[in-house]
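Worksheet: one structure, shown below.
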4 protein chains.
Amino acid sequence: MGLRERNKAEKWRRIVEAASRLFATRGFEATTTAAIAEEAGIGTGTLYLYVTSKEDLLLAVFRDEVGELWDHAFTLIDPTAPVVEQLMTAFSHVTAYHEQEPELTRIYFKELMFVSPAMRSGVSEFMRHFIGRFVELLDKAKVNGLLDPDVPTGMLAHNLWAQYYILMQRRYAGSIDPESLLPRLGHSFQVALWGMARG
Amino acid sequence: MGLRERNKAEKWRRIVEAASRLFATRGFEATTTAAIAEEAGIGTGTLYLYVTSKEDLLLAVFRDEVGELWDHAFTLIDPTAPVVEQLMTAFSHVTAYHEQEPELTRIYFKELMFVSPAMRSGVSEFMRHFIGRFVELLDKAKVNGLLDPDVPTGMLAHNLWAQYYILMQRRYAGSIDPESLLPRLGHSFQVALWGMARG
Amino acid sequence: MGLRERNKAEKWRRIVEAASRLFATRGFEATTTAAIAEEAGIGTGTLYLYVTSKEDLLLAVFRDEVGELWDHAFTLIDPTAPVVEQLMTAFSHVTAYHEQEPELTRIYFKELMFVSPAMRSGVSEFMRHFIGRFVELLDKAKVNGLLDPDVPTGMLAHNLWAQYYILMQRRYAGSIDPESLLPRLGHSFQVALWGMARG
Amino acid sequence: MGLRERNKAEKWRRIVEAASRLFATRGFEATTTAAIAEEAGIGTGTLYLYVTSKEDLLLAVFRDEVGELWDHAFTLIDPTAPVVEQLMTAFSHVTAYHEQEPELTRIYFKELMFVSPAMRSGVSEFMRHFIGRFVELLDKAKVNGLLDPDVPTGMLAHNLWAQYYILMQRRYAGSIDPESLLPRLGHSFQVALWGMARG
DNA sequence: GATGAATGAGTATTCATTCAT
DNA sequence: CATGAATGAATACTCATTCAT
């Protein structure tokens, strides 16, 4: 990697970190692009050589942070455990992390569903990717005899994801309290897997 | 009802209708409270004798319109039909109606989840009410032998509602197209009811 | 005039004076609407209850100030004097005044010709009005035997106005110096009236 | 001419053509220097090896295009025709051409009068040159007995030019419509030459 | 009850120009 | 000769809400 490329990569890292930090402490709307640029040590215009909009930057932060979070979550799973347990292992890791940065999480769940057309595919692709990993998880569970082989895993993964997503929205909209999040999710999953899962 | 009360009720009707009309054509943010007041034939300040905020007004429109919509939807259900069919009867009625006013529907699903604290209980109560009616539907299905009596209907109703809600969000965020909404919802429900429903 | 109306008129006066003062000292672009509002002792939003845009405000200042200026200029004219002398009386009064506020004058001649469509008719009307007064002047001169009765006064007035306008543009664009403005104008007029004027 | 010089001349040609094309289609302000550089097939910084500013580039385009236009216009003139006819031959050629590129013409008449000090002499010199050619035309007309020999041709040429310039400004500011431009110009000239011209 | 004049906070983004390479 | 990444200044206007009348 040449000097210029390394400089660029380094700058990009500083930008994403600065944005993440400020979004988390001040919120999305309250954070100005000027503040991000200053925190990252670059000019205000320079920011726009890396992203096309503030929303684009949010998406970058999300991908960076939440992508890594989920990647790690999947490594914690024991594929021989009962399916609900596998799911809860991953989701409880993710929710535990999110609880540490409630403001940023709130932004993710509030802003990213209704994003401008230009960003939409970025968000969709991200979600599809992780739903795909749940499909893999469920397929593996079938092989291990933990799941009814007739179940359409694609649709089931979507259903499980929807339970998670709605609960997170309600949690970070302030409609349900932190303590009841995981128990509710567990019950949701149990009902969603009713009669499908063994063990 | 006295004359003054009738006048007030008439004004309130005009306000809700004006707001509904303008939100539907211009969108929520683009509609000014001044425009609503003018359309309703009242002064700008007078509006605040009826609602506490613009958001409050949106909630009123939502309750008025969507409440009636769901009330009607439940009357269409045949309680002896298979559960998925019962569900689809109600939901397809609702989605068909929403498709006629996409902008207004978009606002509902975008704005109402993350509403300010003062309005939150109003929204929650509304949703709880209709989820409760699904619980009744499922309980009745148990009685009719259409649903496994061991299933926890409260949680199941929440799960079904989540499928619906997420799909509607994705539909009105522009992520999925109109045609695939109902088929997706049907498949979701079938998987959610897997091994529970008979007939 | 009621209290509210007097208040409104008073506020309007303060706005125009504040804008005039700031445009003259800082220039048009460098003057912010916030500064004008503060100088006028009103809120920034209040300004827009009186004008539709910053450009609109400039036009108001122009009309207010330059209208009065020309009105006064016409009172100075001796209708029995030779035509060139009559013209020079009026124009030298106007140019003398403009020389006291060169920045503001510069703005008038730079901005007002290429104004946005919404304001255009306002500017045109203003100019037509004063060109019309020159037509009257020339018609009176015919009656007094100071001008060839066959001359089309409408077109002649336009021509004289064009000489004035171009010279003012060049003066305030910095292309010609202050001292040569009036002599050039005088010569222009003499040539423009060549063979038409007597006395 | 050496190879390097030819390369440079070729690049310059490409730059002026690119700028002309983009100014004409997008307008002056909306055209970015980056877009011009790309259209010309050079780097953004390279542009500044040829011009000192965007304004400078506009002036170059103007000189290139309008200079040629006027040069051609003068060749069309029949010096034995009546003066007004001679003038109208030239001006109608020029205005006809301008009507084909209204946006670019608008820019010329809007921007070039109030140009930055560094460019001012360039514009003035250009105008002086062509006003000078009108002086020649008028002097020749005197010799041919078409114009009163006592008329100061320098000042008359300025006056005629002013009529033209003001009308073009008003035309491209949107204040007068295309059809009335030439008739108005003709009448202006007739009044401006009142009693001076014969034939 | 009704009015409507007044308020004032609040910021993403562009782009001509430069200069280190 | 040529490049293109980096810069950073700069602001009109809207509109939900209030409260004196």
Side-chain angles (χ1 to χ4, degrees), chain A residues 2-5 7-8 11 28-38 40-57, chain B residues 4 7-8 11 28-38 40-57 116, chain C residues 2-5 7-8 11 28-38 40-57, chain D residues 4 7-8 11 28-38 40-57 116:
Chain A
L3 176 62
R4 283 173 316 197
E5 276 167 340
N7 264 335
K8 234 185 141 163
K11 246 175 211 174
F28 180 66
E29 310 232 1
T31 300
T32 65
T33 55
I36 296 167
E38 197 190 10
I42 58 171
T44 60
T46 311
L47 195 60
Y48 287 84
L49 298 175
Y50 293 81
V51 291
T52 63
S53 67
K54 194 181 164 187
E55 209 179 24
D56 190 15
L57 186 51
Chain B
R4 280 179 317 204
N7 264 337
K8 224 183 149 167
K11 246 177 210 175
F28 180 66
E29 309 232 3
T31 300
T32 65
T33 54
I36 295 168
E38 195 192 13
I42 59 171
T44 60
T46 310
L47 195 60
Y48 286 83
L49 300 175
Y50 294 79
V51 291
T52 64
S53 68
K54 192 181 167 188
E55 214 178 21
D56 190 15
L57 186 51
S116 72
Chain C
L3 177 62
R4 282 174 316 198
E5 274 167 340
N7 264 337
K8 231 182 144 167
K11 247 175 210 175
F28 181 65
E29 309 232 1
T31 299
T32 65
T33 55
I36 295 167
E38 196 190 13
I42 59 170
T44 58
T46 311
L47 194 60
Y48 288 84
L49 298 175
Y50 294 80
V51 291
T52 64
S53 66
K54 195 180 165 188
E55 209 180 24
D56 189 15
L57 186 51
Chain D
R4 280 178 318 203
N7 263 337
K8 225 184 148 166
K11 248 178 207 174
F28 180 65
E29 310 232 3
T31 300
T32 66
T33 54
I36 296 168
E38 196 191 13
I42 59 172
T44 59
T46 311
L47 194 60
Y48 287 83
L49 300 175
Y50 292 81
V51 291
T52 65
S53 68
K54 193 180 166 187
E55 212 177 23
D56 189 14
L57 186 52
S116 70

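In this text, all values refer to a predicted model and were calculated from it rather than measured experimentally.
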Once you round it to whole Å, what is the distance between [atom2] of [N] and [atom1] of [X]?
{"X": "A:Leu47", "N": "F:dA5", "atom1": "CG", "atom2": "C1'", "result": "14 Å"}
{"X": "C:Leu49", "N": "E:dG8", "atom1": "CG", "atom2": "C1'", "result": "12 Å"}
{"X": "A:Tyr50", "N": "E:dT13", "atom1": "OH", "atom2": "P", "result": "18 Å"}
{"X": "C:Ile36", "N": "F:dT11", "atom1": "CD1", "atom2": "P", "result": "12 Å"}
{"X": "B:Leu57", "N": "F:dC15", "atom1": "CG", "atom2": "P", "result": "16 Å"}

Can you give one letter per nucleotide of nucleotides 14-19 of chain E, 5' to 3': B if a protein heavy atom sits under 4.0 Å from the base, S if only from the sugar-phosphate, - if neither? BSBBB-
A:Ile42 near the nucleic acid: base, sugar-phosphate alone, or nothing, with a heavy-atom cut-off under 4.0 Å?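 Sugar-phosphate: the residue A:Ile42, judged by heavy atoms under 4.0 Å, touches backbone atoms but no base.
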Check this one for me: any side-chain N or O of B:Lys11 less than 4.0 Å away from OP1 or OP2 of E:dG1?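 For E:dG1, OP1/OP2 do not have a side-chain N/O of B:Lys11 under 4.0 Å.
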Output all residues satisfying side-chain contact (heavy atoms from CB on, under 4.5 Å) with B:Ala30, sequence neighbours left out; order by chain, then residue number.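 Applying side-chain contact (heavy atoms from CB on, under 4.5 Å) to B:Ala30 gives B:Arg26.
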Which ranges of DNA chain F pair up as stems, where a stem means three or more consecutive Watson-Crick or G-U pairs with both distances under 3.5 Å?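 In DNA chain F, stems of three or more pairs: E:2-21 with F:2-21.
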Closest heavy-atom contact between B:Ala37 and B:Gly43?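 B:Ala37 and B:Gly43 have their closest heavy atoms at CB-O, 3.7 Å.
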Identify every side-chain donor-acceptor pair in residues 44-55 of chain B under 3.5 Å, counting partners at least two apart or on other chains, and give the distances.
residue: B:Thr52; atom: OG1; partner: B:Asp56; partner atom: OD2; Å: 3.3
residue: B:Ser53; atom: OG; partner: B:Glu55; partner atom: N; Å: 3.4
residue: B:Ser53; atom: OG; partner: B:Asp56; partner atom: N; Å: 3.1
residue: B:Lys54; atom: NZ; partner: B:Phe28; partner atom: O; Å: 3.0
residue: B:Lys54; atom: NZ; partner: B:Thr31; partner atom: O; Å: 2.9
residue: B:Glu55; atom: OE1; partner: B:Ser116; partner atom: OG; Å: 2.8
residue: B:Glu55; atom: OE2; partner: B:Ser116; partner atom: N; Å: 3.2

